Amino acid sequence: MHIPDGFLNTPVTLATAGVSGLTLVYSLKKVNQSIRPEQIPLLGLLASFVFMIQLFSFPIGIGTSIHLTGALLISILVGPLAGFLIMTISLFALALLFQHGGMLSLGANILNMGVVGCFLGYGIYRFIPGRRASLIVAGLLSGVVSASFCALELALSGMLDLSSAFATMLLIYGITGTIEGVASMFILEFLKKIKPELLESTA
Amino acid sequence: MSQLSVKGLSYTYSDGVPALKGLDFQLETGSRTALVGPNGAGKTSLLLAIAGLLQTQGEILINHAPLTAKNADSLREHMSFVFQNPDEMLFMPTVIEDVCFGLDTLGLDDKMALERGQAALSQVSLEGYEQRSAHHLSYGERRKVCIATALARRSDITLFDEPSRELDPYGRRNFIDLFHKMTGTMILATHDLELVLETCTQMILLDEGQIIKMGKPDEILGDVQLMESHKLEVPHSLTRHPHSH
Amino acid sequence: MSQLSVKGLSYTYSDGVPALKGLDFQLETGSRTALVGPNGAGKTSLLLAIAGLLQTQGEILINHAPLTAKNADSLREHMSFVFQNPDEMLFMPTVIEDVCFGLDTLGLDDKMALERGQAALSQVSLEGYEQRSAHHLSYGERRKVCIATALARRSDITLFDEPSRELDPYGRRNFIDLFHKMTGTMILATHDLELVLETCTQMILLDEGQIIKMGKPDEILGDVQLMESHKLEVPHSLTRHPHSH
Amino acid sequence: MNHAFIDRYSRLDSPLHKRSPATKILGVSVCLIALLFVIPLLNPPQIWAGLLIYSAIMVLITLSSSVPFSFLLSRSALVLPFSVLIVFVNYVSGNFSFAQMIETTVKSLLSIFTLLLLTSTTPFHEILKQLSRWGTPRLFIIILSFMYRYFFLLMGEIEALERAVHMRHSSVSGWKRIRVYTNMIGMLLVRSYERAEHVYQAMQMRGFTGDFP
């Protein structure tokens, strides 16, 4: 869920921008140190890929549609730091070119989708043994945490009553996250069959 | 018996540039028609329009039934489309899954679909390729798998977009042989003018979204003036050889 | 004077399949050579090897200097490569940035690079396209930009992979005219045998990673038996016309 | 989806198009900060006056840009589903202030409108160049420009894949739909990797060794 501008108050906007900004500075520094030149076009193409899958929404009823974030998949393919960089760049471009999410609320959106999706999602994926289960749990939990962050930011800005909104958002994002986990699982299985060398570095 | 009839067909790209400007023509059942024209003439748009994949103005009748957004799905059951780029058609993990994809919507059960798929693979001499992944095949082989997906559907109408592109002369010869063995109405968009002469009994010369001429391939392609005014060239096999006579 | 000399060149794909098996040949300065062979013969691998983009066995001498992993970067300053797919070569936001990309590594300052880039664009008749982006151009125009990137480098050796693919006859004619205006040693991999006859003074027939024959294009391409045994066909312009004699 | 034309008015010729990207980026930043940080500090009646003045300024700027209002308004309306959702949740919870929701929605509409004025009058690569001049890290800019370049190609590919599915399959639904779409995405990823390899080779051919200009 991309929060548009206008829904967050100044303290929440600044705080989330701070957290995301620091994470961005750190990941840029780390990726700059470790990146091989041949990976540069790849990161660009993957950013394009994330940008694109975020534009594909599936309607799920009650006037709401969901889309995948790609954060989990990208982090598994290129690591969470480069994955976070790709997510940040895609979210920036989505806000600028497609009006998906606001420009000043970008910090909050990067926190909800990038930080949570890449670092928490990837962490759970590595922590839990068994590829299928770990992917689904990683998807589910990062979806739920991401939604909690989103609800919390809105509540702190006086936009939502936390107690009531919470259940709805958790339900929706629990489902979205699970779909994200299952989709990532199918995609990784496809890649394993067709081009296993893509997964070697992360196996 | 006309199998395909097109009346006043127009199509405009989403940026407002017109791609097709009021086309009218009819194709008989079992005819083999080439669409020829320079890049940007509208060949691919016309194929996509016939397949009901574009929002067009005008009328398209397939087996006398008008093609509309509502019945496009069911009319497509009578059609196959072999795309320009095999990678855009082949996305299942194995060759046999690609060939059998969608056969269930034609009312075939799994066993019948599998039989059809295997028969189609053997027609393109790819027996034993069932469990391989299309992605690991050579370009010529991938093209053959695409043709097999069309063969397995046993469609009334088959559309080909640039079927000989990137094939070596041998692969191209293979395609021509297969084409002659296939049944049904065929429409083929191509830049390969020699291919037109070897495969089609009629052709439509398109330029800037309009039909310039429809007729016999050797007559149209042999017309030096007509060819040059539409950025084309008379194919070598129709020019007199320097040391003849 | 041989500009390129290849001795015992072999290359194996990462899956263990051999692509090139001990090739030996020399190309003179200013020669125009076609690489011809069926799909999978090793044409693209050979071009990539000459460009120092593959890890090969054997020896490649460029202007008498052996190509090694260390000096590949500096030897590539004398080479240009026009890829099969323009979208893989054009990655900068504007046409002029694409054409000028890397000219600084040839020791040109920004102003000189810009002049070279503009001259190259006008050679391919794309003046005024400087600030446009590649994704808004037609396929033929993108191909021309690719050729301009090579022209701007003024290389000793230019490599072309399937330059006429997807071009309509007019675009292909344009390419041939441009090719004749270019200077330096040229190597061109293609399935378009008529193109070979119109552009090259010698050709190498490759099959299964080996050189089958090297010689004059009309002699090799006119040899019916040789062509058929390597999955190729004698081009129409070399066959006697049915109603000659 | 009008993907091919996301910045379709950015190449027009108007007084606003002629302004330097730096001026426009700074201008938009100042406007957004005023709209989202300063105006909310005012008392309720003043807030409405502030929003009204802001809107009037936007209208004047738009008039000097020759970008059609209809385009800007229809794109701005993309924010409405989110507003509706928040209204709905608040309505259910009984924590509903009509005035607050209208104010918030107006602010988001105006904020998108403001950003659209930037992207509709400045080509994307000009924005990137300016950000780069201001010291945005190189890697960030490079990835962003590759992203923009290859987005159009990927969109074309996904459209073609969808057509291929429609051609052979009238109704893909449920579980099968997920399988088919994840295969398509997987295929797209494989091809992206291969394309990236070729792009790197093309860059190497032209002297790229890791330092991007």
Side-chain angles (χ1 to χ4, degrees), chain C residues 14 44 47-54 69 72-108 110 113 117 131-137 139 142 146 149-150 152-153 155 157-159 161, chain D residues 2-13 17-18 21 122-132 138 141-157 159-160 188 191-213:
Chain C
S14 55
T44 302
L47 291 180
L48 291 170
I50 294 171
L53 294 169
L54 298 181
D73 278 339
S74 71
L75 284 180
R76 274 198 286 264
E77 290 174 11
H78 307 289
M79 286 191 262
S80 293
F81 200 138
V82 179
F83 278 41
Q84 240 183 69
N85 183 349
D87 288 319
E88 289 168 354
M89 282 188 71
L90 307 177
F91 41 77
M92 298 295 283
T94 60
V95 165
I96 191 74
E97 284 171 278
D98 263 320
V99 175
C100 295
F101 181 87
L103 292 182
D104 55 331
T105 60
L106 301 180
L108 297 176
D110 284 2
Q131 295 307 320
R132 299 185 52 182
S133 7
H135 60 257
H136 291 303
L137 303 183
Y139 189 85
R142 273 179 281 165
C146 293
T149 66
R153 295 174 64 78
S155 307
I157 303 178
T158 308
L159 310 168
D161 199 0
Chain D
N2 269 339
H3 65 268
F5 314 102
I6 43 185
D7 53 355
R8 66 168 147 177
Y9 294 108
S10 66
R11 274 153 238 271
L12 297 179
D13 191 29
H17 284 80
K18 287 200 191 87
T122 322
F124 188 65
H125 67 91
E126 295 284 343
I127 299 178
L128 290 194
K129 259 186 215 156
Q130 189 53 52
L131 293 178
S132 175
R138 224 166 32 94
I141 299 288
I142 299 164
I143 297 178
L144 205 47
S145 85
F146 269 112
M147 190 213 80
Y148 184 68
R149 169 71 182 90
Y150 287 108
F151 167 68
F152 299 94
L153 238 62
L154 283 182
M155 279 314 276
E157 280 167 16
E159 266 173 19
L188 216 55
R191 290 169 64 195
S192 297
Y193 266 82
E194 286 171 358
R195 175 170 292 136
E197 281 168 25
H198 295 154
V199 171
Y200 180 64
Q201 287 178 332
M203 293 168 79
Q204 266 184 305
M205 269 326 283
R206 290 191 264 159
F208 180 77
T209 50
D211 295 315
F212 212 93

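The chains referred to below are lettered A, B, ... by the order of the sequence lines, with proteins before strands, and numbering in each begins at 1. This one's a predicted model, so the numbers in the text were calculated from it and none came from an experiment.
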Pairwise side-chain contact, D:Gln204 with C:Leu53, heavy-atom cut-off 4.5 Å (strictly under): yes

Which atoms form the tightest heavy-atom contact between D:Arg206 and C:Thr149, and what is the distance? NH1-CG2, 3.7 Å

Part of C:Arg153 lying under 4.5 Å from any heavy atom of chain D: side chain

Interatomic distance, D:Tyr200 atom OH to C:Glu88 atom CD [nearest 0.5 angstrom]: 15.5 Å

Contact origin within C:Phe81 toward chain D - heavy atom pairs under 4.5 Å: both

Tell me, for C:Leu106 versus chain D, whether the close heavy atoms (under 4.5 Å) come from the side chain, the backbone, both or neither. neither

Tell me, side chain or backbone of C:Asp73 under 4.5 Å from chain D's heavy atoms, or both, or neither? side chain

CE/D:Met203 to CZ/C:Phe91 distance, rounded to the nearest 0.5 angstrom? 5.0 Å

Part of D:Tyr150 within contact of chain C (heavy atom distance under 4.5 Å): side chain

Parallel under 30°, tilted from 30 to 60°, perpendicular over 60°: which one fits the rings of C:His135 and D:Phe152? parallel

Please find the pair of heavy atoms, one from C:Met89 and one from D:Ala202, that lie closest to each other, and give the distance. CA-CB, 4.0 Å

Enter the distance from C:Leu48:CG to D:His198:NE2 here, rounded to the nearest 0.5 Å. 7.5 Å

Less than 4.5 Å to any heavy atom of chain D: does that hold for the side chain of C:Ser80, its backbone, both, or neither? backbone

